[in-house]
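Here's the structure, in structure tokens; my notes come after.
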Amino acid sequence: MKNIYSNIFTYNQKNLNKCILALERGNVVGVPTETVYGLAGNAYSKKAVSKIYRLKKRPKFNPLIVHYSDYKKAGRDVVLNEKFFKLYKKFCPGPVTFILKKKKNSKIYKLVNGNLKTVAVRFPNHKITKILLKKIQFPLAMPSANVSGGISPICAKDVAEEFKKKIKFIIDGKRSKIGIESTVIDLTKKPKILRKGIIDANKIRKILRVEYIKKSRIINSPGLLRKHYSPGIPIKLNQKVCKIGAAFITFGNKYKDSKNYFNLSKNGDLKEAASNLYKIFRKIKKKGFKQICVVKIPNKEAGIAINDRLLRASK
Ligand code: TXA
Ligand code: MG
């Protein structure tokens with residue numbers, strides 16, 4: 001397909017260098033990860049971090065995740081504890097974000113973590129982004145590359161459509177394999193999952209005790225307070241049939257092919273379903289539907305994260 005977006009760049013040495021230069025100058029760029037695409041800037045730079053908040057129209061109290069190539073670099077900014085190393089060994093690089101104590105001498109610009117005493121850190125598992133993070137001398141503050149509250153982008157084109165010409169550089173890293181944001185886990189006290197993701201509590205429990213955060217305490221992750229991940233159309237969950245004129249999000253092989261039916265996974269594969277969720281949201285929005293009905297999705301494994309996003313999107 002022809003690239004009609006002048007700010008999407010294919011990955012090669014020359015373009016990687018351009019991207020690095022832009023970041024060194026305090027600009028923000030669109031970067032692929034295995035979960036979703038990020039809006040990346042130098043986490044040590046006031047200019048870059050302020051730009052991220054401005055572009056995303058993100059409230060200042062909602063902190064950003066800081067991305068590193070490896071734990072040694074992260075150790076300059078946060079206190080790495082024993083629980084962290086256990087999970088790091090098993091899951092990193094990968095779709096998990098750790099909340100850890102910020103070091104006193106950390107260079108992370110204070111707005112990144114909303115002036116909190118903690119910082120969210122992640123080690124993404126995407127070929128291009130791993131190379132990029134190794135080459136630069138600073139970590140990347142990188143929220144999902146969508147305007148606050150909207151659908152996270154899973155390909156370069158989604159990012160270009162989200163911000164139009166407001167960002168000058170997006171690296172094309174093909175479609176994000178996982179398609180749903182990382183699991184966020186607080187390791188500063190008793191381990192708690194603040195945001196559900198592909199790495200669910202059962203997987204983590206093989207390594208250490210962990211709980212899901214209770215609703216009343218959700219304040220621990222400011223970004224999880226509001227309505228989120230929303231296509232901006234009313235969504236009805238757990239539907240057996242589709243309302244007239246609505247888009248129907250289905251799962252499994254018992255549904256026919258129809259203009260208004262969008263199957264998350266015909267094979268009933270929950271991982272595949274997670275990777276299709278945001279793509280289908282965008283498609284439905286583009287087609288101009290005014291309502292969405294969704295069938296019941298099994299609440300296990302990747303289905304836990306899917307149901308979490310559906311519930312938030314329906315609020
Ligand atoms: O998969 C991902 O995590 C993607 C890719 C680009 O890495 N990033 C992402 O970032 O989803 P964002 O900004 O859309 O979501 C970050 C979440 C928010 O809910 C935020 O409130 C929470 O992490 N968070 C960040 N710092 C935190 C902190 N210090 N304490 C508690 N929660 C924090
Ligand atoms: Mg986000």
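Every number for a ligand or one of its atoms is a count from 1 in the order of the listing. Predicted model only: the values in this text are computed from it and were never measured.
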- Query: For F138, is the NZ or CZ atom of K107 found under 6.0 angstrom from the centre of its six-membered ring and inside 45 degrees of the ring axis?
  - Reply: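 K107 over F138 ring: no.
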- Using the six-membered ring of Y5, assess whether NZ or CZ of K157 lies under 6.0 Å from its centre and within 45 degrees of the ring axis.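 Not satisfied by the 6.0 Å and 45° rule.
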Which atoms of ligand 1 have any heavy atom of [X] under 4.0 Å away?
{"X": "N62", "value": "18 (C), 20 (C), 21 (O)"}
{"X": "H67", "value": "5 (C), 7 (O)"}
{"X": "V36", "value": "4 (C), 6 (C)"}
{"X": "S144", "value": "8 (N), 9 (C), 10 (O), 12 (P), 14 (O)"}
{"X": "P143", "value": "10 (O), 12 (P), 13 (O)"}
{"X": "L116", "value": "29 (N)"}
{"X": "E181", "value": "1 (O), 11 (O)"}
{"X": "G38", "value": "6 (C)"}

Is the closest N or O pair between [X] and ligand 1 shorter than 3.5 Å?
{"X": "Y37", "result": "no"}
{"X": "T33", "result": "no"}
{"X": "S182", "result": "yes"}
{"X": "N113", "result": "no"}

- Message: Checking contacts here: is it the side chain or the backbone of D186 that comes within 4.0 Å of ligand 1, counting heavy atoms only? Could be both or neither.
- Response: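 For D186, no heavy atom sits under 4.0 Å from ligand 1.
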- ligand 1-proximal atoms of K101, by part, heavy-atom distance under 4.0 Å: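 The answer is neither.
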- Message: Applying salt bridge (Lys or Arg N to Asp or Glu O under 4.0 Å) to E34 and R122, what does each step give before you reach the verdict?
- Response: CA-CA 12 Å; E34 80 281 28; R122 181 162 114 75; 3.1 Å; yes
- Got a sec: does the NZ of K90 have more than 12 other heavy atoms crowding it under 6.0 Å?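 Not buried by this count: 12 neighbours or fewer within 6.0 Å.
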- Query: When the ring planes of F85 and Y88 are compared, do they come out parallel, tilted or perpendicular, using 30° and 60° as the limits?
  - Reply: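 F85 vs Y88 ring planes: perpendicular.
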- Query: What class does the angle between the rings of F9 and F169 fall in, given that below 30° is parallel, 30 to 60° is tilted and above 60° is perpendicular?
  - Reply: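 Plane angle under 30°, so parallel.
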Does a side chain donor of either [X] or [Y] reach within less than 3.5 Å of an acceptor in the other side chain?
{"X": "N113", "Y": "K102", "answer": "yes"}
{"X": "N267", "Y": "S265", "answer": "no"}
{"X": "D77", "Y": "Y68", "answer": "yes"}
{"X": "S152", "Y": "E181", "answer": "yes"}

- Mind checking whether T118 has a heavy atom under 4.0 Å from ligand 1?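 Yes, T118 has heavy atoms under 4.0 Å from ligand 1.
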Can you give each donor-acceptor pair under 3.5 Å made by side-chain atoms of residues 288-305, sequence neighbours left out, with the distance rounded to 0.1 Å?
{"from": "K290", "atom 1": "NZ", "to": "G288", "atom 2": "O", "distance (Å)": "3.2"}
{"from": "N299", "atom 1": "OD1", "to": "N307", "atom 2": "ND2", "distance (Å)": "2.9"}

- Query: At distances under 2.8 Å, what protein N, O or S atoms surround the Mg ion (ligand 2)?
  - Reply: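 Those protein N, O or S atoms (cut-off: under 2.8 Å from the Mg ion (ligand 2)) are S144 OG.
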- Task: Nearest heavy atom to atom 5 (C) of ligand 1 wins, so pick from I99, V66, T35, V31.
- Result: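 That would be T35.
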- Item | Of T33, V36, I65, V96, the residue whose pairing with S182 passes side chain to side chain contact (heavy atoms under 4.5 Å, CB included) |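 Considering T33, V36, I65, V96, a side chain to side chain contact (heavy atoms under 4.5 Å, CB included) with S182 is found only for I65.
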- Query: Between R209 and P191, is there a donor-acceptor pair closer than 3.5 Å when you use the side chain of the first and the backbone of the second?
  - Reply: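 No; zero donor-acceptor contacts below 3.5 Å.
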- Task: Taking only Lys NZ, Arg NE, NH1 and NH2, and the carboxylate oxygens of Asp or Glu, determine whether D308 and R312 approach each other closer than 4.0 Å.
- Result: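 The answer is yes: the pair qualifies as a salt bridge.
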